[in-house]
Trainee: 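Sharing a structure with you now.
By convention in this document, chain letters (A, B, ...) are assigned in the order of the sequence lines, proteins followed by strands, and residues within each chain are numbered from 1.
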Protein chains: 2
Amino acid sequence: MSYSYKYARPAVTADCVVFGLDEEDLKVLLIQRGINPFKGQWALPGGFARVGEALEETARRELEEETGLTEVFLEQLYTFSDPKRDPREHVVTVAYYALVKLSDHKVHAATDARNAAWFGVEDIPPLAFDHDLILKTAHERLRGKIRYQPIGFELLPQRFPLRMLQAVYEKILDRSLDKRNFRKKILGMGVLDELEEIETDVSHRAARLYRFNKKKYDRMAKRGFNFEI
Amino acid sequence: MSYSYKYARPAVTADCVVFGLDEEDLKVLLIQRGINPFKGQWALPGGFARVGEALEETARRELEEETGLTEVFLEQLYTFSDPKRDPREHVVTVAYYALVKLSDHKVHAATDARNAAWFGVEDIPPLAFDHDLILKTAHERLRGKIRYQPIGFELLPQRFPLRMLQAVYEKILDRSLDKRNFRKKILGMGVLDELEEIETDVSHRAARLYRFNKKKYDRMAKRGFNFEI
DNA sequence: CCTCTTAGTGTTATATTGACACCATGATAG
DNA sequence: CTATCATGGTGTCAATATAACACTAAGAGG
């Protein structure tokens, strides 16, 4: 069985740059390719678009097939179309970036790729195709985006202490922030719910927990509020 | 002659949202479709990707074929992939937006489309496909982008008075700006060359002309200068 | 009870923004 | 040649936002 078209068509894929955050680092999820080209090399999760499927669906489907991740925050990044980016033929890839709560999700490498693993963004192995370029683009976008949109929450558990949120910003922006100013700013945005609960299982004074409130955020965003950190 | 693939592929196109600016309005360049579907309706210039051609090339080629425009400022906007966006089949389109100096370019409708015309952004006829969505997305991006990157120059002649530049910002942001604050801000960025020349053919006091200096801009950008208006 | 770690909190100097009004210049009309 | 009209070009000040800075409180662990 095959499909014929009057004119030649590039293939279309979707690839995902999945960011996660642990105690130490901003991390990226990579898979080890099981097939050629670049067999055995690390690459971004992704795969070919099916006809009738929006590319965001492609991205989510491949992400689940290859890494087991579902229901992540996902946004389109950029479309890479250099005809030489795949040695086999012209493949256009629509890249997405995802933010996941490492705490919630344990990653199960599934069918397609036995080997999925997290790598610190400063410690990435050589990647297949132009995936290093895609990763670099995603990292820049993330740095740019977090400065004016509160997406840091997507990397944290639902309930988190402010210290953790500040750590997200510091790791992504790669500079330290003043605690008092950060708290003033982030609470001043009015998008966090202060919860009754406090941390448990910490060997020092427990911090209050907060929760991101999307409704409040949408309301502020509609008024053109500036979320710049 | 036809091309066969093992798996079905969506078609790939590139479309352009071309912005221009005249004395009154921010304008968009549309073409009237000569063929079905949507024959006779207005649409964004664009067309099918060729294998071996990066999509930005596709966008530039189609733009020239359909409107005669060349060497415009062009940036990728977003990729639209809803499988129903084209009634014929699944067509993924990579949208670009372009900024052109209306003063320089006279638009010659060329081969593909006899009818290319400028429309005020507030006065757009019904468009083919999902082009209204693409146009809306581009307009939002332009508004967002001009606030923190000096791209307004791309819509003006090489040499322009500050009044014109302010008008660009006012038309895109759709609000009026204070003349003194605007001049302070834009000159403070240090990306404009003050020329010896002044306007001619005006029936009032002639204004000094300025020129955008890309080298200065790149130097400032490298230092992380904030170009926010 | 002492120590250690992190939580939580305000003030001040500085920089940025936004509001605001007048004289200068040159073309045109009477 | 004088008046009028349109636009060019300029500085100050108040309000706001930002950035720098240090201590006490709570709770766990030895």
Side-chain angles (χ1 to χ4, degrees), chain A residues 21-24 146-150 156-157 159-171 173-211 220 223-229, chain B residues 22-24 146-148 150 156-157 159-171 173-211 220 223-229:
Chain A
L21 197 85
D22 66 10
E23 302 306 313
E24 294 89 43
I146 201 173
R147 292 195 50 240
Y148 61 92
Q149 266 186 38
L156 293 179
R159 291 170 300 173
F160 52 84
L162 290 184
R163 157 182 43 86
M164 268 196 194
L165 186 59
Q166 184 175 343
V168 171
Y169 278 83
E170 290 182 333
K171 282 172 189 160
L173 296 174
D174 198 25
R175 64 193 169 93
S176 63
L177 302 172
D178 179 84
K179 181 164 60 158
R180 278 171 293 190
N181 292 339
F182 177 81
R183 287 169 173 249
K184 238 183 299 176
K185 191 90 196 205
I186 209 87
L187 292 176
M189 290 180 187
V191 299
L192 292 186
D193 289 337
E194 181 176 326
L195 303 178
E196 295 304 312
E197 301 160 81
I198 57 171
E199 285 183 294
T200 54
D201 301 320
V202 288
S203 73
H204 51 77
R205 179 175 173 184
R208 180 166 297 281
L209 298 180
Y210 290 81
R211 183 172 51 196
M220 301 297 277
R223 287 195 235 148
F225 186 88
N226 182 3
F227 293 98
E228 193 159 330
I229 288 285
Chain B
D22 66 10
E23 302 306 315
E24 294 90 42
I146 201 174
R147 293 196 49 240
Y148 61 92
L156 293 178
R159 291 170 300 174
F160 52 85
L162 290 184
R163 156 182 43 87
M164 269 196 194
L165 186 59
Q166 184 175 344
V168 171
Y169 279 82
E170 291 183 331
K171 282 171 187 162
L173 296 175
D174 198 25
R175 64 193 169 94
S176 63
L177 301 171
D178 179 84
K179 181 164 58 159
R180 277 170 294 189
N181 293 338
F182 178 81
R183 292 162 93 96
K184 237 183 300 175
K185 190 92 197 205
I186 208 87
L187 292 175
M189 291 180 187
V191 298
L192 292 186
D193 289 336
E194 180 176 328
L195 303 179
E196 296 302 315
E197 300 158 83
I198 56 171
E199 284 182 295
T200 53
D201 299 321
V202 287
S203 73
H204 51 76
R205 178 173 174 186
R208 179 166 300 280
L209 297 180
Y210 290 81
R211 182 173 51 194
M220 302 296 278
R223 285 194 237 147
F225 187 87
N226 182 3
F227 293 98
E228 192 159 331
I229 289 284

Trainee: Any side-chain N or O of A:Arg183 below 4.0 angstrom from OP1/OP2 of C:dG8?
Mentor: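 Checking A:Arg183 against C:dG8: at least one side-chain N or O falls below 4.0 Å of OP1 or OP2.
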
Trainee: C:dC22 P sits how many Å from B:Lys179 NZ, rounded?
Mentor: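 The answer, rounded to whole Å, is 14 Å.
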
Trainee: Which sits closer to the 5' end of DNA chain C, B:Asp178 or B:His204, going by the nucleotide each is nearest to?
Mentor: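 With B:Asp178 and B:His204 compared, the 5'-side residue is B:Asp178.
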
Trainee: Please check if the number of heavy atoms outside B:Arg208 that lie under 6.0 Å from its CZ is greater than 12.
Mentor: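 More than 12 heavy atoms, drawn from other residues, nucleotides or ligands, come within 6.0 Å of this atom.
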
Trainee: Establish whether the base of C:dA7 is bridged to the side chain of A:Arg205 by a donor-acceptor pair shorter than 3.5 Å.
Mentor: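 Pair found.
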
Trainee: Which is true for B:Lys185 with a 4.0 Å heavy-atom rule: it touches a base, it touches only sugar-phosphate, or it touches nothing?
Mentor: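 Sugar-phosphate: the residue B:Lys185, judged by heavy atoms under 4.0 Å, touches backbone atoms but no base.
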
Trainee: Let me know the distance between CG of B:Asp201 and C1' of C:dT28, rounded to the nearest Å.
Mentor: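 So the two atoms are 15 Å apart, to the nearest Å.
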
Trainee: Could you state the atom-to-atom distance from CE of B:Met164 to P of D:dG9 in whole Å?
Mentor: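 After rounding, the gap between these two atoms is 13 Å.
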
Trainee: Could you pick out which residue, B:Asn226 or A:Leu187, lies toward the 5' side of DNA chain C when each is mapped onto its nearest nucleotide?
Mentor: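 The answer here is A:Leu187.
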
Trainee: Would you indicate whether the side-chain heavy atoms of B:Tyr210 and B:Leu165 approach each other to under 4.5 Å?
Mentor: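 The answer is no, as the side chains (C-beta and beyond) never meet within the 4.5 Å cut-off.
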
Trainee: Could you check which of C:dT6, D:dG8, C:dT17 has an atom nearest any side-chain atom of B:Arg163?
Mentor: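 Of C:dT6, D:dG8, C:dT17, D:dG8 is nearest to the side chain of B:Arg163.
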
Trainee: Is any N or O donor-acceptor pair between the side chain of A:Arg180 and the base of D:dA22 shorter than 3.5 Å?
Mentor: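 Indeed, a donor on one side and an acceptor on the other fall under 3.5 Å apart.
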
Trainee: Atom CD1 of A:Ile229 to atom P of D:dT18: distance rounded to whole Å?
Mentor: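 Rounded to whole Å, this separation is 10 Å.
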
Trainee: If I take atom CZ in residue B:Phe227 and atom P in nucleotide C:dT16, what distance separates them, rounded to the nearest angstrom?
Mentor: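 About 15 Å, once rounded to whole Å.
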
Trainee: Which one, D:dC21, C:dC20, D:dG8, comes nearest to the side chain of B:Asn181?
Mentor: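 Among the listed nucleotides, the one closest to the side chain of B:Asn181 is C:dC20.
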
Trainee: Can you confirm whether more than 12 heavy atoms, excluding those of A:Arg163, are under 6.0 Å from its CZ atom?
Mentor: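 Yes, enclosed.
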
Trainee: Here's a test for you: under side chain to side chain contact (heavy atoms under 4.5 Å, CB included), which of A:Leu162, A:Asp178, A:Leu177 qualifies with A:Arg183?
Mentor: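 Going through the options one by one, the only one that passes is A:Leu162.
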
Trainee: Round to a whole Å and report the spacing from CD1 of A:Ile198 to P of D:dG27.
Mentor: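 Distance, rounded to whole Å: 7 Å.
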
Trainee: For A:Glu228, is the CD atom crowded, meaning more than 12 foreign heavy atoms sit under 6.0 Å from it?
Mentor: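 Yes, CD of A:Glu228 has more than 12 neighbouring heavy atoms, counting only those of other groups under 6.0 Å.
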
Trainee: If you assign each of A:Lys184 and A:Ser203 to its closest nucleotide in DNA chain D, which residue comes earlier from the 5' end?
Mentor: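 By nearest-heavy-atom nucleotide position, the 5'-most residue is A:Lys184.
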
Trainee: Can you tell me the distance, in whole Å, between the CZ atom of A:Phe160 and the P atom of C:dA7?
Mentor: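 It works out to 14 Å between those atoms.
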
Trainee: Between atom CG in B:Leu177 and atom P in C:dG18, what is the gap in whole Å?
Mentor: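 My rounded result for the distance is 10 Å.
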
